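Below: one structure, written as structure tokens.
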Amino acid sequence: MTGLRVRRGHWMPTSADKLEEARHRSGDVPHSSGSLLLTTSHKSDGLAELLRSVFGFARFRANQEAVCRAAIGGRDLLLVMPTGAGKSLCYQLPAIARGGTALVISPLIALMEDQAAKLDALGRRVARIHSGLDRSVARQACVDYLAGNLQFLFIAPERLRVPGFAEMLAKRKLALIAIDEAHCISQWGHEFRPDYRQLSRLRTSFPKLPIAAFTASATRQVRHDILKQLQMRDPHLYIASFHRQNLRYIVQECEARTQMELLVPALRHYAGESVIVYSPTIRRVEETVEYLEESGIAAVPYHAKMETPMRRQNQERWMSDEVRVLVGTIAFGLGINKPAVRAVIHLSLPQSIEQYYQEAGRAGRDGRQADCVLLWQKRDHVLLEYFIGKISDDAERERASGRKRVISRFADSRGCRHRQICVHFGETPKWESCGSCDNCGAKPEWLKKEIVTVAEPKVATRKSSFPPTPSPSFYTPQLRSEKPRVRDSAPAEADPVLAEYLREWRRNMARENKVPAYIILHDSTLEELCRRRPSNSAELKQVPGIGEKKADVYGAEILQALRNCGDGARATQTVTREASPAEQTLRLLHEGRSFEEIGRIRARQVSTIVCTVASLIETGQIKLDAKWISPDAQPLIEAACLKQGVERLKDIKEAVPPYVSFEDIRLVVAHLRAENRVRAKTA
Ligand code: ADP
Ligand code: MG
Ligand code: ZN
């Protein structure tokens, strides 16, 4: 890269930035006020005006203006800036300024759709071609392109392999070529895509066009590779610093049990704030959500094997602050740009520093302090090795091993985390210590507290999902088959229905007493209860794990629960076993049960039941019943919806009296959405 000037900068959205945007939207800022960042000599050339009139932004961020000018002037471009920094503007504005069509290459349909939709909303003429669309759409896109009707054409890289496609493009004037997620071109990158190699042909096909490449995470080696592969000529380079000062990196090695014992207080610490929890496998996503629910923390799962509507709904519930904790696999997060995420918690070692940086970097996009917590376990290595072993290409497998070694070293090291990340990406920080990572003395409150140890680790026995299952496993709401440590002489099979019943009782007790479930009764004790079915106090005390104290406090309740399960409750449970959660809820509603009762029977929180009922209402499977919501709440909520719209429950909540709950709002909004749909259909 000799002879190339690399500009380095620091990016962080400042509150001034936000204020400026807000003011601009509300029209407080006179259009001529310009920006402090604009150099006066350029003020007259209309770039700022374009920024305002097309994008509605009052001023450029960090280096955007210089980058735009370089691109408008026909320079090639490599821009490395964190996600959310505003890279897209750096091809969009030059494209508009240069005239003609910009060809945008993007690796993922979701990203393409997102960008295209945004440009469309700005009144730009946009088309996209990818495998998720009908052929006729692609054909129309080509027709529009050839007619000179497009400002932006989005394509997937493999499109360039289609015979005649490049020739078709050459028939008209392209404004520039933009390559998003450009690190995918490099085999040294953590997201190498062989199809991106096609892009090296672009220079030959379009020798005169400027090529602009964008990425949020590229090491020095990857940057070199991008320049080389794309055959860039005297490119304008801008590499923002990888030092995200508002982030606090906390790395902690744990055992399976302590991991959950840390996660719960951690999430309590961030209560009311948005958090992402990353889990390595689908099974562990499900288990974690379940565990959190048992601990009284509402969380939604997100992974690739979920039904699309449910996945989307969970994402929306998290985006709209309805549920604050989202537990997902790495499938979650692309294109998600939620500014106020206060923590990203990893439950296992990521595959590379780049991946960690990208995922952890979803915290604190608003520029305020946020925590990136890595709770890793020794066994994570096994899972990583397993994934690496599945890579068939020798060289690629070797590179993956290399990435794993680096992230392992990162996790183990005593050095400043911020510094290690910066160095990894080719920076040489002048400072040695940051003050905001665990190795520089920063420790969150919840980590300082001593970890309570119990005799029989619940999680260790429950979460024995190793060796890793090759195919994604699904959570089925059946009983876990953990083996009790101490086996009685007569190991009678535990009654699964009774066991589920007792678990449910335990969850309720735990919630009432605000303690973890295992504090009430340990799993092994619960199993013994099922096996022995004590019918009086003396028999109860014979059960391992039930001492005088427990018998005293819970004895009567437990005996009652055992008796209850003998008759009515048990029948309901058996019937509802196979049905889907929605079907179960629907049936119980028809039986006239209250949400609380359904919650108890289904062993779910009331808020979960309300969500299910809301989707049932929204999909027209059941009608809203006035007795489900607080008295007089409905007209208040409806009035608020008229003013605020039904998109953000939080806005509605703020517009109604405090006694109106989120549950009330959720149900009425579902009702309104259902009505709207009916009206739209009949209209
Ligand atoms: P990146 O591609 O770097 O991840 P985006 O281009 O998607 O980031 O931009 C992130 C957000 O920042 C978008 O909502 C965009 O509208 C906004 N943005 C970009 N430039 C500006 C600006 N100059 N002023 C205000 N907001 C901006
Ligand atoms: Mg982008
Ligand atoms: Zn540090």
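The structure displayed is predicted, hence computed values, not measured ones. Counting starts at 1 for both ligands and their atoms, following the listed order.
In terms of N/O distances under 3.5 Å, ligand 1 is not approached by K118. Where the criterion is an N or O separation shorter than 3.5 Å, residue side chain and backbone included, G84 meets it with respect to ligand 1. Residue Q64 has at least one N or O atom closer than 3.5 Å to an N or O atom of ligand 1.
The main-chain N or O of F165 is never found under 3.5 Å from a side-chain atom of R159 such that the two would form a donor-acceptor pair. K87 places no side-chain N or O within 3.5 Å of a backbone atom of L79 that could act as its donor or acceptor partner. Of the possible polar contacts, none joining the R128 side chain to the F154 backbone as a donor-acceptor pair under 3.5 Å is found. Between the R317 side chain and the V323 main chain, no donor and acceptor come within less than 3.5 Å of each other. With hydrogens and angles disregarded, no donor-acceptor distance shorter than 3.5 Å links the side chain of D120 to the backbone of V126.
With ligand atoms numbered from 1 in the order given, ligand 1 contributes 2 (O), 5 (P), 6 (O), 7 (O) to contacts under 4.0 Å with heavy atoms of S88. Near G86, meaning under 4.0 Å from any of its heavy atoms, are these atoms of ligand 1: 1 (P), 3 (O), 5 (P), 6 (O), 8 (O), 9 (O), 19 (C). Of all atoms in ligand 1, listed by their number and element, those nearer than 4.0 Å to a heavy atom of P82 are 3 (O).
No part of A58 comes within 4.0 Å of ligand 1, judged by heavy-atom distances. Only the backbone of R59 comes within 4.0 Å of ligand 1, counting heavy atoms alone; no side-chain atom from C-beta on gets that close.
C440 lies close to the Zn ion (ligand 3), since one of its N, O or S atoms is found at a distance under 2.8 Å.
Considering H381, Q351, R399 as possible partners of K404, the one that fulfils the side-chain contact (heavy atoms from CB on, under 4.5 Å) test is H381. Looking at R342, K443, R248 one by one, the single match for salt bridge (Lys or Arg N to Asp or Glu O under 4.0 Å) with D371 turns out to be R248.
Closest to atom 15 (C) of ligand 1 by heavy atom, among F214, Y91, F60, F57, is F57.
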